[in-house]
Colleague: 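Structure in structure tokens, see below.
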Amino acid sequence: MTILARSATLADSELVLEWRNHEKSRKYSTNNQVINMAEHEKWYRNRIKQIEDQSFWIFANEPSKLGYVRFDRSIDSRNTFEISICINPDFQNQGHGKDVLARSIRLHFEKHPTSKIIARVSRNNFSSLSLFTKANFIEKNSLDDFYV
């Protein structure tokens, strides 16, 4: 299966919000509240403006859209990006996360070869913990209910 990656656009805003607000996605998010459209649009428009430096991709195996991955500059450390991955709830637990994560990491290091990547994963999100462990992420510390 070929997974395609493209930069997120303004046209993807509603889809990203739909996936992000889905109960399965919110359950383990650092902010598990439903986000309204006005709040999301403000954030999304600002985030798209930063896409050249901080990648934001939509992944698909046509005709299905599988999910998105963002790399946001970390406020904790220089030259470090925090990854945020969201798989379309219709395709979760089918192995797509592994492929999307691997592809996004390769694309990220093409742009930022000397950078570091961190992830914040809920202690209770066993699927994501397994995904990042298999991708050779190493636990550095824990904050509240999340591993970094």
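Small disclaimer: the values here were computed from a predicted structure and weren't measured.
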Colleague: Quick test of your reading: applying salt bridge (charged side-chain N to carboxylate O under 4.0 Å, His left out), list the pairs with at least one residue in residues 6-17, sequence neighbours left out, ordered by first then second residue.
Modeller: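 Pairs touching residues 6-17 that pass the test: Arg6-Asp12.
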Colleague: Of all residues at least two apart in sequence or in a different chain, which pass the side chain to side chain contact (heavy atoms under 4.5 Å, CB included) check with Ser130?
Modeller: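 By the side chain to side chain contact (heavy atoms under 4.5 Å, CB included) rule, Ser130 matches Lys134.
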Colleague: Given Ser84 and Asp72, is the side-chain hydrogen bond (donor to acceptor under 3.5 Å, both in side chains) satisfied, shown in steps?
Modeller: CA-CA 8 Å; Ser84 177; Asp72 299 323; 5.7 Å; no
Colleague: Taking only residues two or more places apart in sequence, or in another chain, which ones meet Asn88 in a side chain to side chain contact (heavy atoms under 4.5 Å, CB included)?
Modeller: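 Counting only residues at least two positions away or on another chain, Asn88 forms a side chain to side chain contact (heavy atoms under 4.5 Å, CB included) with Trp19, Asp90, Phe91.
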Colleague: Just so I know, are the side chains of Lys98 and Leu131 near enough to count as touching, which here means a heavy-atom distance under 4.5 Å?
Modeller: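 Touching, per the 4.5 Å side-chain cut-off.
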Colleague: Starting from Phe126, can I reach Leu101 by hopping between I/L/V/M/F/W/Y residues whose side chains sit under 4.5 Å apart?
Modeller: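 Yes: a chain of side-chain contacts under 4.5 Å links Leu101 to Phe126.
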Colleague: Taking the side chain as everything from C-beta on, heavy atoms only, tell me whether Lys24 gets closer than 4.5 Å to Pro89.
Modeller: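 A side-chain contact exists here, since the closest heavy-atom pair is under 4.5 Å.
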Colleague: Measure the shortest side-chain to side-chain distance between Ser7 and Trp57 over non-hydrogen atoms and say whether it is less than 4.5 angstrom.
Modeller: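 Heavy-atom side-chain distance check passes, below 4.5 Å.
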Colleague: For residues Ile83 and Ser104, determine if any side-chain heavy atom of one lies less than 4.5 Å from a side-chain heavy atom of the other.
Modeller: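 A side-chain contact under 4.5 Å exists here.
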Colleague: Centre of Phe146's six-membered ring, under 6.0 Å away, within 45 degrees of the axis: is that where NZ or CZ of Arg123 sits?
Modeller: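 No; the conditions do not both hold, so Arg123 does not lie above the ring face of Phe146.
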Colleague: Within a strict 4.5 Å, meaning less than it, do heavy atoms of the Lys116 and Ser74 side chains meet?
Modeller: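 A side-chain contact is absent here, since even the closest heavy-atom pair is not under 4.5 Å.
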Colleague: Let's go through Asn125 and Ser128 carefully: what are the C-alpha distance in whole Å and the side-chain angles of both, what is the deciding distance for side-chain hydrogen bond (donor to acceptor under 3.5 Å, both in side chains) to 0.1 Å, and is it a yes or a no?
Modeller: CA-CA 6 Å; Asn125 189 342; Ser128 286; 3.1 Å; yes
Colleague: Indicate yes or no for a side-chain donor-acceptor contact from Ser64 to the backbone of Leu66 under 3.5 Å, with no hydrogens or angles considered.
Modeller: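 No: the side chain of Ser64 does not pair with the backbone of Leu66.
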Colleague: Measure across Phe71 and Arg47 and return the closest heavy-atom pair with its distance rounded to 0.1 Å.
Modeller: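 Closest approach of Phe71 to Arg47: O-NH2, 3.1 Å.
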Colleague: Please say yes or no: joined through hydrophobic side-chain contacts below 4.5 Å, possibly via intermediate residues, are Leu4 and Ile58 part of one cluster?
Modeller: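 Shared cluster, no.
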Colleague: Take Asp53 and His112 through the test side chain to side chain contact (heavy atoms under 4.5 Å, CB included) and record every step on the way to the result.
Modeller: CA-CA 9 Å; Asp53 179 54; His112 302 282; 3.4 Å; yes
Colleague: Tell me, please, which residues at least two apart from Lys111 pass side chain to side chain contact (heavy atoms under 4.5 Å, CB included).
Modeller: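 Testing Lys111 for side chain to side chain contact (heavy atoms under 4.5 Å, CB included), a comparison that skips the adjacent residues, returns Ser55.
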Colleague: Between Ala5 and Leu107, what is the shortest heavy-atom contact and its length?
Modeller: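 Where Ala5 meets Leu107 most closely, the heavy atoms are CB-CD1, 3.7 Å.
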Colleague: Following the transitive rule for hydrophobic clusters with a side-chain heavy-atom cut-off under 4.5 Å over Ile, Leu, Val, Met, Phe, Trp and Tyr, establish whether Phe81 and Val100 coincide in one cluster.
Modeller: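 Yes; tracing contacts between hydrophobic side chains, which count when under 4.5 Å, links both residues.
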Colleague: Indicate the atoms forming the closest heavy-atom contact of Ala8 with Ile51, along with that distance.
Modeller: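 So the minimum-distance heavy-atom pair works out to O-CD1, 3.4 Å.
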Colleague: So, Gln54 side chain and Arg73 main chain: donor-acceptor pair closer than 3.5 Å or not?
Modeller: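 The answer is yes, because a donor-acceptor pair under 3.5 Å joins these two groups.
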Colleague: Contact between Ile48 and Leu10 at the side-chain level, heavy atoms closer than 4.5 Å - yes or no?
Modeller: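 Touching, per the 4.5 Å side-chain cut-off.
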Colleague: Check ring pair (Phe, Tyr, Trp, His ring centres under 6.0 Å) between Phe137 and all other residues, then give those that pass, not counting sequence neighbours.
Modeller: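 Partners of Phe137 under the ring pair (Phe, Tyr, Trp, His ring centres under 6.0 Å) test: Phe132.
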Colleague: Are more than 12 heavy atoms from other residues, nucleotides or ligands located less than 6.0 Å from atom CD of Glu62?
Modeller: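 Above 12, so yes.
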Colleague: Could you tell me which residues satisfy side chain to side chain donor-acceptor pair (under 3.5 Å) with Tyr44, sequence neighbours excluded, listed by chain and number?
Modeller: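 Per chain and number, Tyr44 pairs via side chain to side chain donor-acceptor pair (under 3.5 Å) with no residue.
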Colleague: Kindly determine whether Thr114 and Asn79 satisfy side chain to side chain contact (heavy atoms under 4.5 Å, CB included), including the steps that lead there.
Modeller: CA-CA 8 Å; Thr114 62; Asn79 201 30; 3.3 Å; yes
Colleague: Salt bridge (charged side-chain N to carboxylate O under 4.0 Å, His left out): which pairs involve residues 26-36, sequence neighbours left out?
Modeller: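 Every candidate salt bridge (charged side-chain N to carboxylate O under 4.0 Å, His left out) pair involving residues 26-36 fails, so no pair, neighbours aside, qualifies.
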Colleague: I need the His108 NE2 to Ser115 OG distance, nearest 0.5 Å.
Modeller: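 The OG atom of Ser115 is 3.0 Å from NE2 of His108, to the nearest 0.5 Å.
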Colleague: With a 3.5 Å cut-off and no angle check, do the side chains of Thr2 and Asn61 form a donor-acceptor pair?
Modeller: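 No - no donor-acceptor pair under 3.5 Å links their side chains.
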Colleague: Residues two or more places apart in sequence or in another chain: which of them pass side chain to side chain contact (heavy atoms under 4.5 Å, CB included) with Ala102?
Modeller: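 Per chain and number, Ala102 pairs via side chain to side chain contact (heavy atoms under 4.5 Å, CB included) with Arg106.
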Colleague: Who pairs with Phe59 by ring pair (Phe, Tyr, Trp, His ring centres under 6.0 Å), at least two apart in sequence or on another chain?
Modeller: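 Phe59 satisfies ring pair (Phe, Tyr, Trp, His ring centres under 6.0 Å) with no residue once adjacent residues are dropped.
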Colleague: Quick one: pull up CG in Asn136 and CD1 in Ile105 and give me the separation to the nearest 0.5 Å.
Modeller: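 The distance works out to 9.0 Å.
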Colleague: Restricting to side chain to side chain donor-acceptor pair (under 3.5 Å), what partner residues turn up for Glu139, sequence neighbours left out?
Modeller: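 Per chain and number, Glu139 pairs via side chain to side chain donor-acceptor pair (under 3.5 Å) with no residue.
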Colleague: Is there a donor-acceptor pair under 3.5 Å between the side chain of Gln92 and the backbone N or O of Ile87?
Modeller: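 Here the side-chain-to-backbone pair exists.
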Colleague: Grouping I, L, V, M, F, W and Y whenever their side-chain heavy atoms are under 4.5 Å apart, do Tyr68 and Val121 come out in a common cluster?
Modeller: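 The answer is no; the residues belong to distinct hydrophobic clusters.
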Colleague: Is it the case that more than 12 heavy atoms not belonging to Asn31 sit under 6.0 Å from its CG atom?
Modeller: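 Atom CG in Asn31 is crowded, with more than 12 foreign heavy atoms closer than 6.0 Å.
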Colleague: Which pairs, with at least one residue in residues 32-43 and sequence neighbours excluded, count as a side chain to side chain donor-acceptor pair (under 3.5 Å)?
Modeller: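 Every side chain to side chain donor-acceptor pair (under 3.5 Å) pair that includes a residue of residues 32-43, provided the two are not neighbours, is Ser13-His40, Ser13-Glu41.
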Colleague: Would you say Leu15 ends up clustered with Ile3 if hydrophobic residues are merged whenever their side chains have heavy atoms under 4.5 Å apart, either directly or through other cluster members?
Modeller: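 No: no chain of side-chain contacts under 4.5 Å links Ile3 to Leu15.
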Colleague: Hydrophobic cluster mates of Ile35, side-chain heavy atoms under 4.5 angstrom, ILVMFWY only, any path?
Modeller: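 Under the 4.5 Å side-chain rule, Ile35 groups with Leu17, Met37.
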